[in-house]
Engineer: 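One structure is given below, represented as structure tokens, and several questions about it will come after.
Below, chains carry the letters A, B, ... as their sequence lines are ordered, and counting in each starts from 1.
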Amino acid sequence: MLRYKKGNPVQIGEALGAYVREKVDLISGFNVVKGFLNLKISDSYYLKFFKEIYNQKEFGKVNPSAGDSSVMVEYSSPNTNKPLHLGHIRNNLLGYSVSEILKASGKKVYKTQIINDRGIHICKSMLAWKRYGNGETPESTGLKGDKLVGNYYVKFDQEYKKEIEVFINQGKSADEAKAEAPIFLEAQEMLRKWEGGDEETVALWKKMNSWVYDGFDITYKNLGVDFDQLYYESDTYLLGKKVIEEGLKKGVFYRRDDGSVWCDLTDEGLDEKIVLRSDGTAVYMTQDIGTAIERVTDFPDIGGMVYTVGNEQDYHFQVLFLILKKLEFDWAKNLFHLSYGMVDLPSGKMKSREGTVVDADDLMIEMADTAKSISEELGKLEDFTDAEKDTLYKTIGLGALKYFILKVDPRKRILFDPENSVDFQGNTGPFIQYTYARIQSILRKANFDYSTDLEISKLNLHERERELIKQIQLLPETIQQAANNYSPAVIANYTFELVKEFNSFYQNVSILGEDNPDIKQFRVQLSQKVGEIIKTAFSLLGINVPERM
RNA sequence: GGCCACGUGGCGCAACUGAAUAGCGCAUCUGAUUACGGCUCAGAAGGUUGCAGGUUUGAAUCCUGCCGUGGUCACCA
């Protein structure tokens, strides 16, 4: 503004402030600090706002309008040869939460995953089971299906390493040994049989995969995530070849002398990328191109897609999106790689084959156990049944874990220390859950009908009340911001601020002890609303809130 | 080495996409409760935002170069 009106910023501010206070009802005061004009908004404005939203159950959320395009969010997408671990948990929490946030921001969302149910890694588990399994099943061992299969994946690797060692001792190079180990050759042979439709191999594949799916179902259920549509790589791995042919005609791709097909992205500052092998078979990229197109065919209203995949695949998605743009699909401009950093342990990276992973199921159990020991120490649950306690511990434990992971910007790496586990105090899920439970306690004790219409425009607001209402006002834009940035962390931080503000209010003013009935009712209503918002916001993070804890 | 992301008090994170004295939580130190649930609140201490330049009235934020960490550069997925 000073560019247009020269002069002393402080004087201009004074003049402007005085004018606005005079002419605008909403403004009840002002001050000028270092050239910044601060306007004080009148209490009646805040009260009016609160009254308007008091009865809006879904305040802050936007409903999709008819005719809007929808978004497909892909997440999880595990391999079916081993159980889910901490890395998958971050992926699942992010994907689920971003889906919910997008919905709340007014988008229609399809949640999906593509299950990597075929390939050499699957054959490794199958082969090891065939050789060493003695017909073991989840029923016979009492093991979760994914755990059982995972054990054989590890078993394969152990045997493989033994064979490699023998070869190396016989004087072969490491590469030769890896390529010639009999167990590896046999796994490759198994993959060929599978691709050829060999009955016995396919039957074994189906059997072992179904064990894994049963196991995954349990993990997903405990984690609280779900999907609207599943894709299986065994159905999609041949997709995309036709599009490559069309792309060749359009000149998007070119064929080399050996028959392989490439996309030249050097103009874009990237490399050349192979999209079809010289033997005509599909690569990962081919498949992803085909799958994307397949999805839009299945759901014609899709206008964009979100891929929740670790940042190790940044380059892959950069290339994928560029190729789809070159193929001129109109939805290609609305593709987003929800790229997230790895979850590291103090000991370094997690490696399935080396057993240095934090298992998803185990972790959830540990979190609930921690919640249990903390709650028992505080001992406020005497009248809870065992089943109620059990549910509560899960709610708190999962709340701690989910919040811990989601409050961090997805791009950043997370260091997870299983020893020190996750905090329950400060900026944590349980802190927020506790505040919610406390509010519910107030509402239970409020022995009057506080929901009646209240003429509150004449009340004078306490500073803490004003700040609380301000924070409530931010909810709608916060949801939009979280959606625009695909960032659950925005929601988490907002909720924490709200809760801190509420606790300060709670500690500084009396609610049920207030004499003036109007003020008392207003404070109960305000508390109730804060409770509702905590619940809504946490639902966007996939976190439940307890009525008591 | 090329490309990408990240680097903020001891530790873990923010900063509404360029604004006021860079916020918050752990941990540390002081206080508050015969209570509407102390898993709480009030306060103190703790910073040259990796380094060096630049753009701007104004930079943690944008640009350039360096340093550090991680990722990625397969006819694997």
Engineer: Is a donor from one side chain sitting under 3.5 angstrom from an acceptor on the other, for Thr428(A) and Asp423(A)?
Structural biologist: no
Engineer: Which base sits across from A44(B) as a Watson-Crick or G-U pair, both distances under 3.5 Å?
Structural biologist: U28(B)
Engineer: Both distances under 3.5 Å, Watson-Crick or G-U wobble: report the partner of C3(B), or none.
Structural biologist: G71(B)
Engineer: What does Met549(A) touch in the nucleic acid at a heavy-atom separation under 4.0 angstrom: a base, only the sugar-phosphate, or nothing?
Structural biologist: base
Engineer: For A52(B), give its Watson-Crick or G-U wobble partner with both distances under 3.5 Å, or none.
Structural biologist: U64(B)
Engineer: Can you tell me how far C1' in A52(B) sits from the matching atom in U28(B), rounded to whole Å?
Structural biologist: 35 Å
Engineer: When the distance from CD1 of Ile442(A) to C1' of A35(B) is rounded to whole Å, what number comes out?
Structural biologist: 11 Å
Engineer: At 4.0 Å (heavy atoms only), tell me whether Ala437(A) reaches a base, stays on the sugar-phosphate, or touches nothing.
Structural biologist: base
Engineer: Write down the atom of Tyr436(A), the atom of Lys535(A), and the distance for their closest heavy-atom approach.
Structural biologist: OH-CD, 3.7 Å
Engineer: Less than 3.5 Å apart, any donor N or O on the side chain of Asn503(A) or Thr435(A) sitting next to an acceptor on the other?
Structural biologist: yes
Engineer: Under 4.0 Å, heavy atoms only, any strand: does Lys349(A) hit a base, just the sugar-phosphate, or nothing?
Structural biologist: sugar-phosphate
Engineer: What nucleotide among G71(B), C4(B), G37(B) has an atom nearest to a side-chain atom of Asn311(A)?
Structural biologist: G71(B)
Engineer: What integer distance in Å separates Lys407(A):NZ from C26(B):P?
Structural biologist: 10 Å
Engineer: Does Tyr231(A) have Arg295(A) sitting over its ring (NZ/CZ under 6.0 Å from centre, angle to axis within 45°)?
Structural biologist: yes
Engineer: Whether Arg411(A) engages the ring of Tyr340(A) as a cation-pi pair (distance to the six-membered ring centre under 6.0 angstrom, angle to the ring normal within 45°) should be assessed.
Structural biologist: no
Engineer: What integer distance in Å separates Glu501(A):CD from C41(B):C1'?
Structural biologist: 12 Å
Engineer: Check the phosphate of U72(B) against Tyr315(A), side-chain N and O only, distance under 4.0 Å to OP1 or OP2. Yes or no?
Structural biologist: no
Engineer: Taking syn as a glycosidic torsion within 90° of 0 and anything else as anti, which one is U17(B)?
Structural biologist: syn
Engineer: Quick one: salt bridge (Lys or Arg N to Asp or Glu O under 4.0 Å) pairs with a partner in residues 487-500 of chain A, sequence neighbours left out?
Structural biologist: Glu497(A)-Lys500(A)
Engineer: Sticking with atom P, work out how far U17(B) lies from U30(B), rounded to a whole angstrom.
Structural biologist: 42 Å
Engineer: Can you figure out which of C39(B), G25(B), G37(B) approaches the side chain of Pro430(A) most closely?
Structural biologist: C39(B)
Engineer: Want to settle it: does Gln318(A) or Thr428(A) sit nearer the 5' end of RNA chain B, counting the closest nucleotide to each?
Structural biologist: Gln318(A)
Engineer: Name the residue closer to the 5' end of RNA chain B, choosing between Gly426(A) and Arg413(A) according to the nucleotide with the nearest heavy atom.
Structural biologist: Gly426(A)
Engineer: Has Arg277(A) got a side-chain N or O lying under 4.0 Å from the OP1 or OP2 atom of C76(B)?
Structural biologist: yes
Engineer: Output the single nucleotide from A77(B), C39(B), G71(B) whose closest atom is nearest the side chain of Val283(A).
Structural biologist: A77(B)
Engineer: Are any of Ser339(A)'s side-chain N or O atoms less than 4.0 Å away from OP1 or OP2 of C4(B)?
Structural biologist: no
Engineer: Can you tell me the pairing partner of A59(B) across any strand shown, Watson-Crick or G-U wobble, with both distances under 3.5 angstrom?
Structural biologist: none
Engineer: Let me know the distance between CD of Glu477(A) and P of C16(B), rounded to the nearest Å.
Structural biologist: 12 Å
Engineer: Given C41(B), U17(B), U72(B), which nucleotide is nearest the side-chain atoms of Asn503(A)?
Structural biologist: C41(B)
Engineer: If you check every side-chain atom of Asp409(A), which of G71(B), A14(B), C26(B) has the closest atom?
Structural biologist: A14(B)
Engineer: Between U17(B), C39(B), C73(B), which one does the side chain of Asp271(A) approach most closely?
Structural biologist: C73(B)
Engineer: Looking only at the side chain of Lys500(A) (C-beta and beyond, no hydrogens), which of the listed nucleotides C41(B), U8(B), C39(B) gets closest?
Structural biologist: C41(B)
Engineer: Given that both distances must come in under 3.5 Å, which nucleotide forms a Watson-Crick or G-U wobble pair with U33(B)?
Structural biologist: none
Engineer: Rounding to a whole Å, what distance do you find between Lys412(A):NZ and U8(B):C1'?
Structural biologist: 8 Å
Engineer: Looking only at atom P, what distance separates C6(B) and A15(B), rounded to whole Å?
Structural biologist: 12 Å
Engineer: Between C76(B), C39(B), U40(B), which nucleotide gets closest to the side-chain atoms of Arg438(A)?
Structural biologist: U40(B)
Engineer: Is NZ or CZ of Arg255(A) both nearer than 6.0 Å to the six-membered ring centre of Trp262(A) and within 45° of the ring axis?
Structural biologist: no
Engineer: Whole angstrom is fine here: how far is it from CG in Leu270(A) over to C1' in C4(B)?
Structural biologist: 11 Å
Engineer: Determine which nucleotide pairs with C39(B), using a 3.5 Å limit on both distances of a Watson-Crick or G-U wobble pair.
Structural biologist: none
Engineer: Figure out the CD/P separation between Gln425(A) and G38(B), and round it to whole Å.
Structural biologist: 14 Å
Engineer: Within the structure shown, what part of the strands sits under 4.0 Å from Arg523(A) by heavy-atom distance: base, sugar-phosphate, or nothing?
Structural biologist: nothing
Engineer: Out of C41(B), A77(B), G25(B), which has the shortest distance to the side chain of Gln313(A)?
Structural biologist: A77(B)
Engineer: Tell me: CE of Met285(A) to C1' of C73(B), nearest whole Å?
Structural biologist: 13 Å
Engineer: Decide whether a cation-pi geometry holds between Lys82(A) and Tyr153(A); the criteria are a distance under 6.0 Å from NZ or CZ to the six-membered ring centre and an angle within 45° of the ring axis.
Structural biologist: yes
Engineer: Applying a 4.0 Å non-hydrogen cut-off, can you work out what Val509(A) is touching in the nucleic acid: base, sugar-phosphate, or nothing?
Structural biologist: base
Engineer: Which of these nucleotides, C6(B), A77(B), G25(B), is closest to any side-chain atom of Arg411(A)?
Structural biologist: C6(B)
